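Each remark here refers to the structure printed beneath this line.
Keep in mind that what you see is a predicted model, and the values were worked out from it rather than measured. Basis for what follows: all heavy atoms, side chains included, without hydrogens, waters or symmetry-related copies.
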Amino acid sequence: MDKLKRLIFYLYITEDVFERETDLVTMECLRRYSKIFDCADFYLSIDDVHNYELINRVENIIINLGFDKDISFKIHQNNEYRESAIVKSEIVDKLDTRDEVIFFGHGKGFTNLETYEENSMIHWLLGCYYLSLEFADEAMHLITGMNTYSAYGSFPLILEKR
């Protein structure tokens, strides 16, 4: 039996969330690979959880990326733990209860663009998505053939400092 393939994606949203090139690249990568997943959980982190206009705008953009199966949105108060809080609560703390393959992703660029060149970030993003998801069937074969927790990913890369 095939394992359920779940996307867990964390995105910090601000009024200018889709004005950065890195955000646009990330959304296009999610569009390209959306059909791989049986379900997708989006954790939208925001400073004001009552900013329904921004939340609805972002949800509509994500819905139009082609996730045609089970999709959910969870609004998360932004804090200093950022995506690591979601990794802990939704993946690490549930390792013994989840019987599925999880691809975790998060938006890049908001704080990284203060340190790294945008072109380096874009190349790194494209490489991560391509190397992690372009060969999804091969990755699934490797991951599901193991009898223990396993991880599969792309590549480490040293980015150019500003």
Side-chain angles (χ1 to χ4, degrees), residues 1-46 51-76 78 82-92 94-95 97-110 112-113 118-146 149-157:
M1 182 173 153
D2 287 340
K3 289 215 180 238
L4 186 76
K5 294 177 284 294
R6 178 180 301 276
L7 169 68
I8 295 179
F9 196 88
Y10 172 94
L11 182 64
Y12 174 55
I13 60 173
T14 59
E15 292 295 334
D16 65 345
V17 64
F18 297 120
E19 293 176 18
R20 293 178 292 275
E21 192 72 22
T22 52
D23 293 331
L24 297 174
V25 168
T26 298
M27 291 302 110
E28 281 306 309
C29 288
L30 288 174
R31 179 188 319 278
R32 177 178 176 94
Y33 298 111
S34 63
K35 300 294 187 234
I36 291 172
F37 302 103
D38 299 307
C39 48
D41 301 329
F42 286 89
Y43 291 81
L44 304 180
S45 179
I46 188 168
N51 187 344
Y52 303 115
E53 182 181 328
L54 177 59
I55 292 167
N56 289 333
R57 181 166 49 103
V58 171
E59 286 179 351
N60 285 328
I61 290 168
I62 292 170
I63 286 169
N64 287 315
L65 294 177
F67 292 94
D68 58 355
K69 297 176 185 150
D70 184 16
I71 185 171
S72 71
F73 294 96
K74 294 165 180 82
I75 308 309
H76 179 74
N78 184 45
R82 300 186 301 210
E83 72 276 358
S84 61
I86 302 306
V87 170
K88 182 179 181 326
S89 67
E90 298 304 316
I91 299 172
V92 175
K94 296 179 180 180
L95 282 174
T97 60
R98 287 195 183 268
D99 186 26
E100 57 195 0
V101 174
I102 296 172
F103 179 82
F104 177 79
H106 61 92
K108 297 293 281 181
F110 191 77
N112 290 320
L113 287 173
E118 187 174 42
N119 263 355
S120 292
M121 288 297 304
I122 290 169
H123 286 111
W124 182 77
L125 280 166
L126 291 171
C128 284
Y129 280 95
Y130 179 81
L131 293 172
S132 294
L133 297 174
E134 187 67 24
F135 308 100
D137 290 339
E138 293 173 30
M140 286 297 295
H141 177 73
L142 289 171
I143 291 170
T144 58
M146 299 178 184
Y149 302 122
S150 59
Y152 180 89
S154 49
F155 59 88
L157 179 66

### Task
Report yes if some heavy atom in the side chain of Leu4 is under 4.5 Å from a heavy atom in the side chain of Val101; otherwise report no.
no
### Message
Keeping Ser132 on the side-chain end and Tyr129 on the backbone end, is there a donor-acceptor pair under 3.5 Å?
### Response
no
### Task
Report yes if the side chains of Phe18 and Ile61 come closer than 4.5 Å at any heavy-atom pair, otherwise no.
yes
### Task
Evaluate the side-chain proximity of Phe104 to Glu83: yes if any heavy-atom separation is below 4.5 Å, no if none is.
yes
### Message
What I want to find out is whether Arg32 reaches Glu134 closely enough, with some N-O distance under 4.0 Å, to be called a salt bridge.
### Response
yes
### Message
Could you check whether any side-chain heavy atom of Glu28 comes within less than 4.5 Å of a side-chain heavy atom of Leu24, counting everything from C-beta outward?
### Response
no
### Message
With a 4.5 Å cut-off on side-chain heavy atoms, are Phe42 and Ile63 touching?
### Response
no
### Message
side chain to side chain contact (heavy atoms under 4.5 Å, CB included), that's the test. Do Lys94 and Val92 meet it? Break it down for me.
### Response
CA-CA 5 Å; Lys94 296 179 180 180; Val92 175; over 6 Å; no
### Query
Can you list the steps and then say if His123 with Leu125 is a side chain to side chain contact (heavy atoms under 4.5 Å, CB included)?
CA-CA 5 Å; His123 286 111; Leu125 280 166; over 6 Å; no
### Task
First locate atom CD1 of Ile13, then atom NE2 of His76, and finally report the distance between them rounded to the nearest 0.5 Å.
12.0 Å
### Message
Please tell me whether Asn51 and Glu15 have a donor and an acceptor in their side chains that are separated by less than 3.5 angstrom.
### Response
yes
### Query
What distance separates Phe9 CZ from Ile86 CD1, expressed to the nearest 0.5 Å?
12.5 Å
#### Entry: For Leu65 against Ser34, the heavy-atom pair lying closest together
O-OG, 3.3 Å
### Task
Would you sort out whether Ile62 and Phe73 count as a side chain to side chain contact (heavy atoms under 4.5 Å, CB included), showing the intermediate values?
CA-CA 10 Å; Ile62 292 170; Phe73 294 96; 3.8 Å; yes
### Message
With a 4.5 Å cut-off on side-chain heavy atoms, are Asn56 and Glu59 touching?
### Response
yes
### Message
For the CG atom of Leu11 and the CD1 atom of Ile46, what is their distance to the nearest 0.5 Å?
### Response
10.0 Å
### Query
Below 6.0 angstrom between ring centroids: does that apply to Tyr43 and Tyr10?
no
#### Entry: Distance-minimising heavy-atom pair for Asp41 and Ser72
OD1-OG, 2.7 Å
### Summary
Here the gap from Thr14 atom OG1 to Asn78 atom CG, rounded to the nearest 0.5 Å, amounts to 10.0 Å
### Task
Kindly determine whether Leu44 and Leu54 satisfy side chain to side chain contact (heavy atoms under 4.5 Å, CB included), including the steps that lead there.
CA-CA 10 Å; Leu44 304 180; Leu54 177 59; over 6 Å; no
### Query
What residue among Leu30, Leu133, Ile71 forms side-chain contact (heavy atoms from CB on, under 4.5 Å) with Leu7?
Leu30
### Query
Does atom CG of Asn64 have more than 12 heavy-atom neighbours from other groups under 6.0 Å away?
yes
### Query
At what distance, to the nearest 0.5 angstrom, does CZ of Arg20 lie from CD1 of Ile122?
12.0 Å
### Short N-O contact, Asp38 and Arg6, less than 4.0 angstrom
no
### Message
Side chains of Lys35 and Asp68, heavy atoms from C-beta outward: is any pair under 4.5 Å?
### Response
yes
### Task
Check the pair Phe135 / Tyr130 against ring pair (Phe, Tyr, Trp, His ring centres under 6.0 Å), numbers first and verdict last.
CA-CA 8 Å; Phe135 308 100; Tyr130 179 81; 5.5 Å; yes
## Note on the structure
Residue set satisfying salt bridge (Lys or Arg N to Asp or Glu O under 4.0 Å) with Glu19, at least two apart, ordered chain then number -> none
### Query
When Ile8 is tested against each of His106, Glu90, Lys74 for side-chain contact (heavy atoms from CB on, under 4.5 Å), which residue passes?
Glu90
## Note on the structure
Rounding to 0.5 Å, atoms SG (Cys29) and CE (Met27) come to a distance of 9.5 Å
### Query
With a 4.5 Å heavy-atom cut-off, do Asp99 and Lys3 have their side chains touching?
yes
